[in-house]
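To start, the structure under review is shown below, and the notes come after it.
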Number of protein chains: 2
Amino acid sequence: MARRSDHSRQELTELALDKSLEIIDEKGLSGFSARAVAERMGYTVGTLYNVFGSYDGLIFRVNARILDAWHAALAAGLHKTKKDKMRYLAYAYLDFAGRHYNRWTTLFEFHAKSSPPDWYRDRIDRHFRLIEETLLARTQDPHQNRRRAKVLWASIHGICILALGGKLDVVGSDSAKTLIDDLLENYLGAA
Amino acid sequence: MARRSDHSRQELTELALDKSLEIIDEKGLSGFSARAVAERMGYTVGTLYNVFGSYDGLIFRVNARILDAWHAALAAGLHKTKKDKMRYLAYAYLDFAGRHYNRWTTLFEFHAKSSPPDWYRDRIDRHFRLIEETLLARTQDPHQNRRRAKVLWASIHGICILALGGKLDVVGSDSAKTLIDDLLENYLGAA
DNA sequence: CATAATATTGAACAGTGTTCAATATTAATT
DNA sequence: AATTAATATTGAACACTGTTCAATATTATG
């Protein structure tokens, strides 16, 4: 039996999240389970439930981790970019989704039974604000800006999720990148 | 015990698909299970597996039904529409997704372990061709046409899935319809 | 009418999230 | 230091999932 002094509560959550991402990287969400995580931690399901309360509670934390990494990857290069920030953002979006495909799809394949906690919604908002602020360099009208941000956000998401999921017959020249180029060219070029 | 003369094989599949859609309409994919379908049919799981082979096999058939209904809804009004067919198509897309939300999300929430059968891919292609052909009225270059169809297809999909899923803060004026309008206006207006 | 063929059943299996009494470990108190 | 209170950990149990398959019931065939 694992002694309770082996890991503090915080170390325990850290360990759980690490092992969770490990499993997701290896097998995706379908290979993910509470018992699988517990086993890799060297603990049992009970302990996991004592820490996270429920399966949903655990995955929300895992997804928050993924969102944090994703946001960091987007924001990092954005500050260094001077011209055409919007295009950089879209590329970086696609790049992360492709590089960490299993983590990225987990964000959307997971359908919680309960509604997301506040700290999770905050991370979604933060993600969205990135596009909104990048667009702000182009437009001044805040209403129009928000609407355009939503359209671009949703469109880029749609392109990534269908293209990377192999549901758009994207081969050769018509890669996901090309589609994003086409979207930005025509949508923003006209606006 | 149900006699095997009660329903022919075809009647059996029909019954199963009907009950499946019934459950999905009521509870969504999370309330859907092989046993639940069998129970409503008045049979047992074994019979269901004898007919459909596997859970994935069943759901692919259910989803094909949903795609058929969706395609019919899109195509029906499209032929009657004269001007701005593209806008009609996008509206009809959104309308079906909203009117039969549980059926629509089932199409995307279901993640098969096996790759889809040919007759399923055909239905996806047929769906995509609708946009492609509608666009053809605008452009002549087939390469450009295909690319634009993909971009629009993915973008509209992204808008619907995020907006209807409540992940875009779409309230008041910024409804999903408004976003679609904005997309078509700017993307096609420039092209 | 006997036999071959097959449709249907229901129990069994391994897996899932979830709960919770029993136990082991630590902290607090005397 | 010994006892007691508090809590972390366990593992069995529950209801559910998809899946399999021998046994049985039903129908078709010779």
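Labels below follow one simple rule: chain letters A, B, ... track the order of the sequence lines, proteins then strands, and each chain is numbered from 1.
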>> Would you say the rings of A:Phe110 and A:Phe60 are close, in the sense that their centroids are separated by under 6.0 Å?
In response: yes
>> Quick check on the 6.0 Å ring-centre criterion: do B:His127 and B:Trp153 meet it?
In response: yes
>> From CG of B:Leu15 over to P of C:dT8, roughly how many Å is that when rounded to an integer?
In response: 11 Å
> When you measure from the side chain of A:Arg61 to the backbone N and O of A:Gly57, does any donor-acceptor pair fall under 3.5 Å?
Replying inline: no
> Between residues 43-53 of chain A and DNA chain C, which residues have a heavy-atom gap below 4.0 Å?
Replying inline: A:Val45, A:Tyr49
>> Output the rounded distance in Å from CZ (B:Arg9) to C1' (C:dA5).
In response: 14 Å
> Rounded to whole angstroms, how far apart are CD on A:Glu39 and P on D:dT9?
Replying inline: 17 Å
> Do the rings of B:Phe96 and B:His100 sit parallel, tilted or perpendicular, given the 30° and 60° boundaries?
Replying inline: tilted
>> Going by side-chain hydrogen bond (donor to acceptor under 3.5 Å, both in side chains), name the residues that satisfy it together with B:Tyr91, two or more places apart in sequence or in a different chain.
In response: B:Asp181
>> Short of 4.0 Å, heavy atom to strand atom, which residues of residues 27-35 of chain A count as contacting DNA chain C?
In response: A:Ser33, A:Ala34, A:Arg35
> Separation of A:Tyr55 atom OH from C:dG17 atom P, in whole Å?
Replying inline: 5 Å
> Going by distance alone, is a donor N or O of one side chain under 3.5 Å from an acceptor N or O of the other, for A:Tyr187 and B:Asp182?
Replying inline: yes
>> Taking only side-chain N and O atoms of B:Lys113, does any of them lie within less than 4.0 angstrom of OP1 or OP2 on D:dT19?
In response: yes
> Rounded to the Å, how far apart are B:Glu11 CD and C:dT8 P?
Replying inline: 11 Å
> So, do A:Arg40 and A:Asp18 sit near enough that their side-chain heavy atoms are less than 4.5 Å apart?
Replying inline: no
> Under 4.5 Å between any side-chain heavy atoms of B:Trp70 and B:Leu107, yes or no?
Replying inline: yes
> Can you check the A:Ile59 CD1 to C:dG17 P distance for me, whole Å?
Replying inline: 8 Å
> Within the structure shown, what part of the strands sits under 4.0 Å from B:Leu12 by heavy-atom distance: base, sugar-phosphate, or nothing?
Replying inline: sugar-phosphate
> Salt bridge check: are B:Glu14 and B:Lys19 linked by an N-O gap of less than 4.0 Å?
Replying inline: no
